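Remember, it's a predicted structure, so these values are computed and weren't measured experimentally.
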Amino acid sequence: MAKAAKSNESEKHYSTCQEKKKKPSQKNLNRNYNLYTHRVMKEVIPNRGLSSKTADLMNYMINSILERIAEESCILLCYKRHLTLSHKDIQMAVYRLLPTELAKHAVAFGMRAVTNYNDSRSSTNL
């Protein structure tokens, strides 16, 4: 009897995780990162630009990668049976999705960006 109750609980948890994965069909939640893509491009190669098709492709790639990271971190949350997303979950999702060296750089740049943001917030509050 105890086994049946336990398996019933795990089925409920699995079904709630599956419900959370459903995407809203009425809204397109993709964002436009063209401005940031152009800024980074100007830093890397100052004398070159991007065509509109290239900018659209880069925007699609960024949205796709961000969506995959969000889905993978949701899967990790369901696997660990946690309800709150933390920075460690996102880092693990990045390590699982990207190649080793690229994942290391992505996590390092992300941590540096968060640190800079927190430092700028604390300096403005003083």
Side chain to side chain donor-acceptor pair (under 3.5 Å) contacts in which one or both residues fall within residues 84-96, not counting sequence neighbours: Glu72-Arg96, Lys80-Asp89, Ser86-Asp89
Non-neighbouring partners of Asp56 that pass side chain to side chain donor-acceptor pair (under 3.5 Å), sequence neighbours left out: none
Sequence neighbours excluded, every pair satisfying side chain to side chain donor-acceptor pair (under 3.5 Å) that has a member inside residues 43-54: Ser51-Thr54
Members besides Val44 in its Ile/Leu/Val/Met/Phe/Trp/Tyr cluster (side-chain heavy atoms under 4.5 Å): Val40, Met41, Ile45, Leu50
Sequence neighbours excluded - salt bridge (charged side-chain N to carboxylate O under 4.0 Å, His left out) pairs with any residue from residues 100-109: none
Under 3.5 Å donor-acceptor, Asn63 side chain and Asn59 backbone: yes
Set of residues satisfying salt bridge (Lys or Arg N to Asp or Glu O under 4.0 Å) with respect to Arg68, sequence neighbours excluded: none
Hydrophobic cluster of Tyr60, others only, ordered by chain and residue number, side-chain cut-off 4.5 Å: none
For Met92, the rest of its hydrophobic cluster, which grows through side-chain links under 4.5 angstrom: Leu76
Counterpart residues, side chain to side chain contact (heavy atoms under 4.5 Å, CB included), relative to Ile69 (two or more places apart): Ile65, Ile90, Ala93, Val94, Leu97
